[in-house]
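Chain A is the first sequence line, chain B the second, and so forth, proteins listed ahead of strands; every chain is numbered from 1.
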Amino acid sequence: MASGSNSLMWFRKGLRIHDNPALEYSAKNSNYLYPVFVIDPHYMEPDPTAFSPGSSRAGLNRIRFLLESLVDLNSSLRKLGSRLLVLKGEPSEVVIRCLKEWDIKKLCFEYDTEPYYQALDAKLKNHASVAGIEVFSPVSHTLFNPADIIQKNGGKPPLSYQSFLKLAGQPSWAASPLSTTLSWLPPVGEVGNCEISDVPTIKELGYEDFGEDNSTLFKGGESEALRRLGESINDKEWVANFEKPKGDPSAFIKPVTTVLSPYLKVVQKSVKRHTSPPVSLLGQLLWRDFFYTVAFGTPNFDRMKENRICKQIPWNDDEELLVAWRDARTGFPWIDAIMVQLQKWGWMHHLARHSVACFLTRGDLFVHWEKGRDVFERLLIDSDWAINNGNWMWLSCSSFFYQYNRIYSPISFGKKYDPNGNYIRHFIPALKNMPKEYIYEPWTAPLSIQSKAKCIIGKDYPKPVVSHDYASKECKRKLAEAYELNKKLNGRVSEEDLRCLRRKLEKDQNPESSNLKRKKQMLIG
DNA sequence: TGTCCGTTGCACGT
DNA sequence: ACGTGCAACGGACA
């Protein structure tokens, strides 16, 4: 093969062999192909100071999910005559060292819009251009190229889903044929002085083994994703009638996450009667692209300050309330059950996410959305930078959605789907025997009932941290004032302005319901 | 400036 | 299961 040369396929997010243009390209006309994944120890090393088992950035579920995905990727590559080379270190340094060591002429990786990867990729592209290495970095993580959409809109990202749809039009794959399935990959060449390891196990990374109840829930990897997808897609009725908003957040259903694009095409053709966006399956992917586009076009998308699209709101910094929420100790069984599911499974229904996000921020506790975002990012196995931040701004009425008087009730919202409280009983064993009349508000149960259920509120299960009626009214009042200030100052609200507003809000607080009284009320209530 | 609309609110009515 | 009132936001477009 005289024309052939060495290629490096750098895997980051798209840990798959199907529908992977970077991988296909890297295999073309190559003598040797080096499929690489770099483990950044910073991301994987146990952090004993973190609030849950895991590293400083990721919970154990996320790490486990990633490792399973890597094991699966490795086994898929082996079936094609290749294998996954796992290296450790700072990713740009490791990859640059590999490029030299293996005399790479072609570097391939999936294009990524996240700021972290934008910076990383710029470094590598710069190195490659100096070294005369070809870089192939196709857009394959999203249906559209966010940069195209932003350009079409005159340089700014669309801020509503509808305007995004108008700009986006049809995804390019609607007209193109399915990509071919790989049947063979070039061999891996000599690895020289680069230190290659196998995919580490959880134990090798220094973590305790999982309890058996966690180990079978959501297996990571493309094979499992395709299996799940296949199951769903073959159920044509399910696909045709799929409407996300109507899903029951208390049902123990499992998510369809990624790798949908090659299959959706088949779906669209074979299912005649299907719902149309925004509620169809395709609609879900377009939502994903919407958030990617806004995130890409918005500097400081992941914080409130200096974020053009984010309302400046005087959130509080109440560590006690945050921790109660995070550790499932709010005293609201619906909220706490969801947070337990998040801790244990790393996944919960999107409406359940809405409930707890609203509760933490604009609905009840008025804690900064960035705090909740951090908890989700750490614990969710499907967490995604653009979507997570976008949804937190949405739910906290900081951007995209502004009807702050529509508040999810931590009591009645769950009740309408699950009047018996089975979801709560499943995740909060302490409340297992609470009669259904009281299970959403156990603090209202007479003491005799609490005794009979072997669950004394304040001892076996916490009292509510706030009164929802009072707290939600306070939140509405604060948001009204904050919105007024944002309007008055045209969004340019300084830290001093926010401090000033905080003082005003404190002063105007209904004296009958001051902090102290509120706590007393709760003891009685 | 006004009007319509917005992936997923609640409480109460039928 | 669906409709109504509640209270009332910003973005898109005329």
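When heavy atoms are screened at a 4.0 angstrom cut-off, A:Lys415 is found touching no nucleic acid atom at all. The residue A:Phe400 sits apart from the nucleic acid: no heavy atom pair falls under 4.0 Å. Among the atoms of the strands shown, only primed sugar atoms or phosphate atoms (P, OP1, OP2) are found under 4.0 Å from some heavy atom of A:Lys416.
Side-chain N/O atoms of A:Lys156 include none lying less than 4.0 angstrom from OP1 or OP2 on C:dA12. Residue A:Ser412 places at least one side-chain N or O closer than 4.0 Å to OP1 or OP2 of B:dA11. Look at A:Ser409 and you won't find any side-chain N or O under 4.0 angstrom from OP1 or OP2 of B:dG9. Proximity of A:Gln162 to the phosphate of B:dT7: a side-chain N or O atom is located under 4.0 Å from OP1 or OP2. When the side-chain nitrogen and oxygen atoms of A:Tyr408 are compared with OP1 and OP2 of B:dT8, none of them lie within a distance under 4.0 Å.
With rounding to whole Å, A:Leu479 atom CG is found 12 Å from C:dA8 atom P. Atom-to-atom, CD1 of A:Ile309 to P of C:dC9 comes out at 20 Å; the value is rounded to the nearest Å. For the pair A:Arg362 CZ and C:dA7 C1', the interatomic distance rounds to 14 Å; values are reported in whole Å. Rounded to whole Å, atom P of B:dG9 lies 9 Å from atom CG of A:Leu351. Note: CG (A:Leu165) to P (C:dC13) measures 12 Å, nearest angstrom. Atom CE in A:Met393 sits about 17 Å away from atom P in C:dG10, given to the nearest Å. In this structure, A:Ile407 places its CD1 atom 11 Å from P of B:dA11, rounding to the nearest Å. Rounded to an integer number of Å, the gap from CZ of A:Arg406 to P of B:dC5 is 14 Å.
To the nearest 0.5 Å, the span separating CG on A:Leu479 from CD on A:Gln403 amounts to 13.0 Å. With values rounded to the nearest 0.5 angstrom, A:Leu15 atom CG is found 5.5 Å from A:Ser69 atom OG. Going from atom CG of A:Leu321 over to atom CG of A:Asn316 covers 6.5 Å, rounded to the nearest 0.5 Å. Distance CZ/A:Arg362 to CZ/A:Phe401: 5.5 Å, rounded to 0.5 Å.
With both ends at atom P, the span from B:dT7 to C:dA1 equals 25 Å, rounded to whole Å. Only the P atoms considered, B:dG2 is 22 Å distant from C:dA7, to the nearest whole Å. Taking atom P in both C:dC6 and B:dG6, one finds a spacing of 22 Å when rounded to whole Å.
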With pairs defined as Watson-Crick or G-U wobble and both distances under 3.5 angstrom, please note down DNA chain B as a dot-bracket string, | for pairing with another strand.
-> ||||||..||||||
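No side-chain donor-acceptor contact under 3.5 Å links A:Asn420 to the backbone of A:Asn422. At distances below 3.5 Å, not a single donor-acceptor pair connects side-chain atoms of A:Asp497 with backbone N or O atoms of A:Val493.
By the stacking rule of 5.5 Å between ring centres and under 30° between planes, A:Trp287 stacks on the base of B:dT7.
For A:Asp148, there are no salt bridge (charged side-chain N to carboxylate O under 4.0 Å, His left out) partners, not counting sequence neighbours. With sequence neighbours left out, A:Asp317 forms a salt bridge (charged side-chain N to carboxylate O under 4.0 Å, His left out) with A:Lys371.
Checking B:dT8, C:dG10, C:dA12 against the side-chain heavy atoms of A:Tyr483 singles out C:dG10 as nearest. The side chain of A:Asn405 has C:dA8 as its nearest neighbour among B:dT7, C:dA8, B:dT8. Out of C:dA7, C:dA12, C:dC9, the shortest distance to the side chain of A:Tyr404 is found at C:dC9.
In terms of position on DNA chain C, the residue among A:Lys166 and A:Tyr402 whose nearest nucleotide sits closer to the 5' end is A:Tyr402.
Among all heavy-atom pairs drawn from A:Asn388 and A:Arg373, the shortest one is ND2-O, 3.3 Å.
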